[in-house]
There are 2 protein chains.
Amino acid sequence: MKHPTVSQQTRTDAGLAAVLRVAVGRLARRLRAQRPDASLSLGQTAVLFTLARHGQMTPRALADHEKVQPPSMTRIIAALEERELVHRTKHPDDRRQQLVELTEEGIRLVRADRRRREAWLTQRLGELTPDEKATLRKAAEILDRLSQS
Amino acid sequence: MKHPTVSQQTRTDAGLAAVLRVAVGRLARRLRAQRPDASLSLGQTAVLFTLARHGQMTPRALADHEKVQPPSMTRIIAALEERELVHRTKHPDDRRQQLVELTEEGIRLVRADRRRREAWLTQRLGELTPDEKATLRKAAEILDRLSQS
DNA sequence: AGAACTCATTACTTTTGCTAACAGTATCTC
DNA sequence: GAGATACTGTTAGCAAAAGTAATGAGTTCT
């Protein structure tokens, strides 16, 4: 229990889990504070990007995808709709459901966000070696899969 | 804006930042829900592990390390102290400061947590290839450095 | 047709972090 | 050495974000 090195801690799956968990928690907190467009929450941004990638989705599908409970997604969508970044249409087959998709402005915002994202994280990434960035590229994809499974 | 692949999105630092941000946010949310000892928050667990690794630390040092404001750390420490996982002593040289360290029970809990962490994340990690796990090992260290800088 | 389930929402609560303001202590400057 | 200044930890009050429980509308199963 003295001062185990990181490599010692990550030899096992459990140790890796511990380290990863702390690292992800810390970075998430940091990101929450440093977000570029302060008026958009982390969750809202995530939904915008998910919609940009997948097109139309139902609120339920979005909630599942973002690993959030449906009421939370209702709120996120309401906030995005208020700002006209997103709009809802009725599901053609099932009148309980809705389909959410980006508005023109939503698409513009995603694009603009991509362009001008010289924010905190991008800067930090710039300080890394190409090798490290390559590692993160691969890791991002794995992390995404992890939270899906 | 149709369906760009991940590799397209991560070619640039900005694109990588976007993907990483979403992935980290999603995983952090997921971890919050899936944590092994439900009575311990993510922040509390992080502090426990930090103390296990660094020994005695002042509240201020802990706050800086966890990227949290001092009042938040006060609460985290208070909660841990309430459960007698941690205890405080006066700093020998500076009477403003305190030193926080794990109690015997805190050490036990960290050990037990490590042992019985067959929880969600560990299981998920088990499904990865050795290569992917190696990537995450490296990534964990980089992510940690990112949130420090 | 009725029971059971699903989807989205509302209402309420909990968690978690923040800023501002403070009391006590240390350090710097004259 | 005395007073100003800065730092440490805490309290108080607030805000953001997510969770659970309950509800109304719609669908599916038997």
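Throughout, a chain's letter reflects where its sequence line sits, starting with A, and its residues are numbered from 1.
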note: A:Lys90, atom NZ; C:dT9, atom P; distance rounded to Å ~ 10 Å
In this structure, CG of B:Leu109 is separated from CG of B:Leu40 (nearest 0.5 Å) by 6.0 Å
For C:dT9, does OP1 or OP2 lie under 4.0 Å from any side-chain N or O of A:Gln98? yes
Here the distance between atom C1' of C:dG17 and atom NZ of B:Lys67, to the nearest Å, is 16 Å
task = Answer yes when A:Arg145 and A:Glu141 have at least one side-chain N-carboxylate O distance shorter than 4.0 Å, and no when they do not.
result = yes
note: B:Met73, atom CE; C:dT16, atom P; distance rounded to Å ~ 13 Å
Between CZ of A:Arg88 and P of C:dT9 the distance, given in whole Å, is 5 Å
Practice problem: Using modelled atom types only, decide if a donor and an acceptor are shared between the side chain of A:Arg124 and the backbone of A:Trp120 within a distance under 3.5 Å. | Solution: yes
| task | Using a heavy-atom cut-off of under 4.0 Å over every strand shown, decide if A:Pro71 touches base, sugar-phosphate, or nothing. | result | base
The reported gap from CZ in B:Arg26 to CG in A:Leu143 (rounded to nearest 0.5 angstrom) is 10.5 Å
Separation of C:dC7 atom P from A:Asp93 atom CG, nearest Å, is 14 Å
Using a cut-off of less than 4.0 Å, is there contact between a side-chain N or O of B:Ser72 and OP1 or OP2 of C:dC18? yes
Taking five pairs at each terminus, the helix from C:dA1-D:dT30 to C:dC30-D:dG1 shows an axis bend, to 10°, of 20°
Check your understanding: At under 4.0 Å between heavy atoms, what does A:Pro70 touch on the DNA or RNA strands: base, sugar-phosphate, or nothing?
Key -> base
A:Gln69 CD to D:dA22 P, in whole Å, measures 15 Å
- Message: Looking at A:Arg29 and B:Glu66, is any side-chain nitrogen of the basic one under 4.0 Å from a carboxylate oxygen of the acidic one?
- Response: yes
Assert: residue with more 5' nearest nucleotide on DNA chain C, out of A:Arg75 and A:Arg96, is A:Arg96
- prompt: Phosphate oxygens OP1/OP2 of C:dA8: is one of them under 4.0 Å from a side-chain N or O of A:Thr74?
  reply: no
When rounded to whole Å, the NE2 to P distance for the pair A:His91 and D:dA25 reads 20 Å
B:Arg32 atom CZ is separated from D:dA16 atom C1', nearest whole Å, by 11 Å
Between B:Asp13 and the options A:Lys133, A:Glu127, A:Gln123, the side-chain contact (heavy atoms from CB on, under 4.5 Å) test singles out A:Lys133
Of A:Asp94 and B:Thr58, the one whose nearest nucleotide on DNA chain D sits closer to the 5' end is B:Thr58
- Report yes or no: does A:Arg21 contribute a side-chain atom to a donor-acceptor pair with the main-chain N or O of B:Leu31 at less than 3.5 Å? no
- Query: Can a side chain N or O of B:Arg95 be found less than 4.0 Å away from OP1 or OP2 on C:dA23?
  - Reply: no
- Between D:dA16 and A:Arg29, is there an OP1 or OP2 to side-chain N/O distance shorter than 4.0 Å? no
